[in-house]
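Shown next, in structure tokens, is the structure this report addresses.
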Amino acid sequence: MPTPTPTPTPMPGPLPAPVIRAVPGAPAAAPSAAAADPGRPAEGNRQGRRRERRGSGVRERRRLETRDRIVDAAAELFAERGFDAVSVVEIAQRAGVVEKTVFNHFPVKEGLVLSADPPMRSALLHAVATRPAGESVAAAAGTFLVRAMTMLGSPEAAEGVAEMARVVRGSRTLQAREREILGEITAALAAQIREETGAGDGAVEPDLTAAAVTALYGRLLELARDRVLAGVTGPALADELRAAGRRGLSLLQFGLAGYAKRR
């Protein structure tokens, strides 16, 4: 989508991952190549975590350092053996802490991979809430998502996307949780649309619009994972995601009436 280059802001998560930023006519802020994954944890990469620690008090720095060790230990073990084959006890042992400390930071094991409150949700809602007059929800949300997912083609995102893909696809538990997260994003967007438009409880438009937007998001994410695992990264991946996203955005904006007509 030919528009000014977005300004990425680092998003954290144990396994390096991806997201996005601002889109013209949408918000001034969006996730970075780390938020494009639906549930990327908020801990981010090591560099992002170091920035987070600067300026913190001694006790807070120690807490964050312990959290970092847990996240890094989990990422290593999940990459080695898969999410389902690794226990919290093993993660604690590798991180040099007791099991209770892991649960203090991450009440559920899935939280080590997928955040309960992914940055993508707030960024998407912000893109919709701050769209200019005359722009539809589908256009604002779709444009934001296409630009966000295109950023997964950045060189620094490739390793994280591949690692995340392997871990999530190797675990039915994580796949189910990821679907739940996408469902939560859909519900949040539908609620925002309903409130903005004053649609009644029986109106189907808010839910259909939100479902279509998150369906595009989910499909582009899976395409990114497929292509990265096949060895496609960088500009080639960005081009593929942009092209697929534009086709999807066209359907969002102009409808399905002319698509797949029986000949």
Side-chain angles (χ1 to χ4, degrees), residues 1-52 68 71-72 75 78-79 113-115 118-124 126-127 140-169 178 181-182 185 213-214 216-249:
M1 198 148 285
T3 44
T5 303
T7 305
T9 56
M11 258 357 175
L15 307 171
V19 187
I20 285 336
R21 237 56 300 268
V23 259
S32 73
D37 265 326
R40 208 76 192 110
E43 294 74 61
N45 54 34
R46 288 184 178 86
Q47 183 180 359
R49 285 182 260 154
R50 282 197 297 270
R51 283 197 295 269
E52 181 185 357
D68 289 352
V71 164
D72 293 340
F78 295 156
V113 180
L114 300 173
S115 171
M120 179 59 91
R121 174 165 52 196
S122 58
L124 175 61
H126 180 66
T143 298
F144 169 79
L145 287 174
V146 173
R147 287 194 59 76
M149 301 310 294
T150 298
M151 286 185 70
L152 296 185
S154 65
E156 62 273 17
E159 182 183 349
V161 177
E163 199 169 351
M164 193 71 169
R166 284 190 286 267
V167 171
V168 171
R169 289 182 173 182
E178 192 168 69
I181 290 171
L182 286 172
I185 294 174
V213 166
T214 52
L216 175 61
Y217 171 33
R219 182 63 201 113
L220 291 178
L221 179 61
E222 289 307 310
L223 175 61
R225 290 174 175 175
D226 287 341
R227 302 306 288 145
V228 167
L229 292 177
V232 180
T233 60
L237 176 60
D239 288 346
E240 283 195 42
L241 292 173
R242 187 179 298 108
R246 284 174 174 172
R247 294 194 301 273
L249 180 56

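Quick caveat, the model's predicted, so the values are computed rather than measured. Throughout, numbering of the chain's residues begins at 1 and tracks the sequence. All heavy atoms count here, side chains included; hydrogens, waters and symmetry mates do not.
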_Please find the pair of heavy atoms, one from A75 and one from E163, that lie closest to each other, and give the distance._
O-OE2, 4.2 Å
*Just do the side chain to side chain contact (heavy atoms under 4.5 Å, CB included) check on M120 and L182 with the steps written out, would you?*
CA-CA 10 Å; M120 179 59 91; L182 286 172; over 6 Å; no
*So how far is it from R246 CZ to T143 OG1, rounded to the nearest 0.5 Å?*
10.5 Å
*Flag the pair M149 / L223 as yes when at least one side-chain heavy-atom distance between them is below 4.5 Å, and no otherwise.*
no
*Between T233 and A158, which heavy-atom pair has the shortest distance, and what is it?*
CG2-CB, 3.6 Å
*Check whether any side-chain heavy atom of V113 sits under 4.5 Å from a side-chain heavy atom of M164, and report yes or no.*
yes
*Using the test side-chain hydrogen bond (donor to acceptor under 3.5 Å, both in side chains), find all partners of R169 that sit at least two apart in sequence or belong to another chain.*
E222, D226
*Check step by step if side chain to side chain contact (heavy atoms under 4.5 Å, CB included) holds for L221 and E178.*
CA-CA 11 Å; L221 179 61; E178 192 168 69; 4.3 Å; yes
*Evaluate side chain to side chain contact (heavy atoms under 4.5 Å, CB included) for L124 paired with Y217, printing each intermediate quantity in order.*
CA-CA 10 Å; L124 175 61; Y217 171 33; 5.9 Å; no
_Once side-chain hydrogen bond (donor to acceptor under 3.5 Å, both in side chains) is applied, do any residues pair with R166, and if so which ones, sequence neighbours excluded?_
none
*How close do A162 and V228 get, heavy atom to heavy atom, and via which atoms?*
CB-CG1, 3.4 Å
_Restricting to non-hydrogen atoms, name the atom on A140 and the atom on A127 that form the minimum distance, rounded to 0.1 Å._
CB-O, 4.0 Å
*Under the side chain to side chain contact (heavy atoms under 4.5 Å, CB included) rule, collect the residues that match up with A238, sequence neighbours excluded.*
T150, R242
*Between A244 and L220, what is the shortest heavy-atom contact and its length?*
CB-CD2, 3.9 Å
*Closest non-hydrogen atom pair between P118 and I185, with its separation*: CG-CD1, 4.3 Å
